[in-house]
Amino acid sequence: MSNPKKKKEILNQPLEFELAILGGRVIDPESRFDRIADIFVHDGLIKEISSRKTTTRIGAKEVIDAKGKIVVPGLIDMHAHLREPGREDEETIYTGSCSAVAGGFTSVCCMPNTEPPIDNQEAVKFVYVKAKEAKCKIVCVGAVTKGEKGEELTEILDLVQAGVVAISDDGKPVSSSQVMRNALEYCKMFNLPIISHCEDLNLSSGGVMHEGFVSTSLGMNGIPSIAEEVMVARDLKLAEFTGGRVHIAHVSTQGSVDLIREAKKRGIKVTCETTPHHFTLTDESVKTFDTNAKVNPPLRTRKDVEAIKKGLKDGTIDSIATDHAPHSVEEKEVEFDFAPFGMVGLETAFGLVVTELVNKKILTWPQAIAKLTINPSRILNLKGGRIKRDFPADLTIIDPKASWIVNPSQFKSKSKNSPFGGKKLRGRVCYTIVDGKIVFP
Ligand code: DOR
């Protein structure tokens with residue numbers, strides 16, 4: 001990665017960099033770079049990545065001593081609900097971005113199930129106007145159908161022209177196979193992925209948690225695994241038939257992982273994500289009736305968690321996304337049956353990846369970082385997710401050994417609905433840098 005000729009040029013110039021990050025373990029999954037190195041930033045761009053001993057001949061206005069730390073491309077969350085417009089009491093694009101940078105994310109992809117939904121060009125423009133004030137980069141997903149009603153396709157060309165990076169009716173499935181087929185065929189023209197929330201509403205209706213032993217013992221209505229899997233199977237068939245790109249959101253069951261693994265072998269254009277809660281928790285968490293553990297798709301069984309870890313390890317699961325879903329205290333502090341689905345995740349995702357996947361040797365550091373950087377970047381055709389000369393200096397610096405206790409009351413997010421309060425996590429974000437500027441702490 002470091003070019004000796006270029007290095008010499010730099011050493012011969014009295015160049016003053018804006019920022020130097022010295023002596024950290026730099027991991028860039030795309031180029032397979034994993035070494036102790038210095039990074040120099042100027043004009044918001046990465047200008048030099050060098051493994052040599054730092055000399056005082058290179059000056060920098062600001063210096064970060066990264067010894068003992070890991071420097072990675074800024075994390076990208078490809079699935080978050082920022083609730084603006086409509087539910088600014090729960091989150092705004094600005095507060096969501098504060099939560100994101102505290103969690104090490106430099107780019108966040110916001111889902112369109114706002115009130116009203118982001119289903120037209122003006123709504124996309126609204127998001128991008130608000131995004132100008134945000135602490136990190138915000139990219140917008142547009143809706144597949146008008147009003148997310150599952151009936152009539154949105155003006156996808158308009159959405160693309162306004163800058164959406166994918167389309168999705170997330171929060172709800174696209175129940176009609178005909179509508180999904182048309183969407184896949186249309187999106188092919190733009191190489192745009194459809195992020196599919198896979199749920200057969202006939203099978204899941206009335207369910208509040210995973211259907212199985214625990215739901216039976218608690219006397220609660222269940223959402224069976226098959227409600228997810230039949231839709232995954234349908235979308236894989238439709239992707240194969242149309243040649244379109246489908247990205248399966250929040251994969252939660254063993255059966256889904258198996259279907260996607262087979263589809264990838266057959267060359268179907270499918271990618272997928274899972275969430276930190278789906279590789280960490282099981283339906284046992286619902287036994288306390290903690291509504292913060294009520295999420296859609298629901299927390300599944302140990303067998304599913306193990307299958308998800310296997311899918312992460314063998315590459316079936318491409319990315320890890322938070323599905324950050326803020327909800328107000330008033331709405332969550334009700335009987336389990338009546339609480340909305342969702343939990344916040346931006347500030348715990350990275351610690352859960354380190355604690356549950358890296359430290360338990362499910363993934364290596366570069367594998368884990370790839371699922372939070374270059375893989376979502378490729379899926380969404382973004383520029384970020386890489387440490388590369390002349391690319392934006394979006395970087396996250398982490399202390400891999402630091403441990404901390406999750407305290408939702410200290411979250412930067414407006415909402416505190418996390419089931420991880422009190423959990424001890426390893427791996428802490430020390431700095432988040434966007435376009436060469438330190439935005440956290
Ligand atoms: O738990 C969830 N909450 N799952 C979804 O798909 C939507 C999300 C929300 O918007 O609250």
Side-chain angles (χ1 to χ4, degrees), residues 77-93 95-96 99 108-119 127 140-145 147-148 150 166-175 194-201 203-205 207-210 222-223 227-228 231-232 235 247-253 256 272-281 283 285-286 290-300 321-332 334 336-346 348-349 413-420:
D77 182 13
M78 65 177 298
H79 188 145
H81 299 270
L82 300 185
R83 302 290 189 235
E84 193 174 2
R87 287 306 304 266
E88 291 83 354
D89 60 315
E90 295 182 331
E91 197 78 287
T92 63
I93 290 171
T95 61
S99 177
V108 173
C109 191
C110 63
M111 284 293 163
N113 65 335
T114 47
E115 295 173 20
I118 303 166
D119 64 356
V127 170
C140 183
V141 176
V144 180
T145 62
E148 291 202 328
I167 58 168
S168 179
D169 273 359
D170 182 68
K172 288 186 204 147
V174 176
S175 291
I194 300 186
I195 302 177
S196 181
H197 171 117
C198 286
E199 178 179 357
D200 182 321
L201 296 174
L203 288 165
S204 64
S205 158
V208 295
M209 66 175 291
H210 172 68
I223 301 172
E228 176 173 315
M231 286 298 257
V232 171
D235 284 352
H247 174 86
I248 311 290
H250 39 53
V251 167
S252 75
T253 79
S256 297
C272 71
E273 72 196 26
T274 193
T275 71
H277 43 277
H278 288 110
F279 64 65
T280 304
L281 301 174
D283 54 353
S285 297
V286 176
D290 177 6
T291 57
N292 293 327
K294 181 172 175 182
V295 67
N296 189 20
L299 302 171
R300 304 283 186 186
T322 65
D323 200 1
H324 179 80
H327 286 293
S328 67
V329 181
E330 300 76 48
E331 280 173 56
K332 275 290 195 183
V334 292
F336 199 89
D337 280 354
F338 303 115
F341 291 97
M343 60 177 77
V344 289
L346 284 164
T348 45
S413 169
K414 263 197 184 180
S415 294
K416 317 293 172 194
N417 52 304
S418 167
F420 294 112

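Below, all heavy atoms of this structure are taken into account, side chains as well, without hydrogens, waters or symmetry copies. Both counts, for ligands and for their atoms, begin at 1 and track the order of listing.
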Point to revise | Closest approach of any protein heavy atom to atom 3 (N) of ligand 1, naming residue and atom | key: Phe341 O, 3.1 Å
Review point. Does an N or O anywhere in Pro297 fall below 3.5 Å from an N or O of ligand 1?
Key: no
Check your understanding: So, does Lys294 sit close enough to ligand 1 that a heavy atom of it is under 4.0 Å from the ligand?
Key -> no
Check your understanding: Atoms of ligand 1 less than 4.0 Å from His250 heavy atoms?
Key -> 6 (O)
Practice item. Ignoring hydrogens and angles, state whether a donor on the side chain of His324 or Asp77 is under 3.5 Å from an acceptor on the partner side chain. Key: no
Practice item. Considering only non-hydrogen protein atoms, determine which one is nearest to atom 5 (C) of ligand 1 and report residue, atom name and distance to 0.1 Å. Key: Asn296 O, 3.6 Å
**Study point:** Minimum heavy-atom distance between Ser256 and Val251, given as atom pair plus value
**Key:** CB-CG1, 3.9 Å
Point to revise | Numbered atoms of ligand 1 (with element) below 4.0 Å of His327, judged on heavy atoms | key: 11 (O)
Exercise for review: Look only at the side chain of Thr114 and the backbone of Glu84, and say whether a donor-acceptor pair between them is shorter than 3.5 Å.
Suggested key: no
Practice item. Answer yes or no for Met111: is there a heavy-atom contact with ligand 1 below 4.0 Å? Key: no
Study note, to complete from the structure: Honestly, for Arg83 the part within reach of ligand 1 (heavy atoms, under 4.0 Å) is side chain
Review point. Between Glu90 and Ser415, do the side chains contain an N or O donor and an N or O acceptor separated by less than 3.5 Å?
Key: no
Check your understanding: Does even one non-hydrogen atom of His277 get within less than 4.0 Å of ligand 1?
Key -> no
Practice item. Could you tell me whether the side chain of Asp119 and the main chain of Thr145 form a donor-acceptor pair under 3.5 Å? Key: no
Review point. Does Glu199 use its side chain to pair, donor to acceptor, with the backbone of Ala227 at less than 3.5 Å?
Key: no
Check your understanding: Any donor-acceptor pair under 3.5 Å linking the side chain of Asn417 with the backbone of Asn292?
Key -> no
Review point. For ligand 1, is there an N or O atom under 3.5 Å from any N or O atom of Ala325?
Key: no
**Study point:** Residue, atom name and distance, where the atom is the protein heavy atom closest to atom 10 (O) of ligand 1
**Key:** Asn113 ND2, 2.9 Å
Practice item. Run the ring-centre check on His79 versus His250 and record whether the distance is less than 6.0 Å. Key: yes
Study note, to complete from the structure: To the nearest 0.5 Å, atom NZ of Lys294 lies from atom OG of Ser285 at 15.0 Å
Practice item. Give the contacting part of Met343 toward ligand 1: side chain, backbone, both or neither, where contact means a heavy-atom distance below 4.0 Å. Key: neither
Review point. Does ligand 1 have a heavy atom under 4.0 Å from the side chain of His197, from its backbone, from both, or from neither?
Key: side chain
Review point. Counting from 1, what ligand 1 atoms have a heavy atom of Val295 closer than 4.0 Å?
Key: 1 (O)
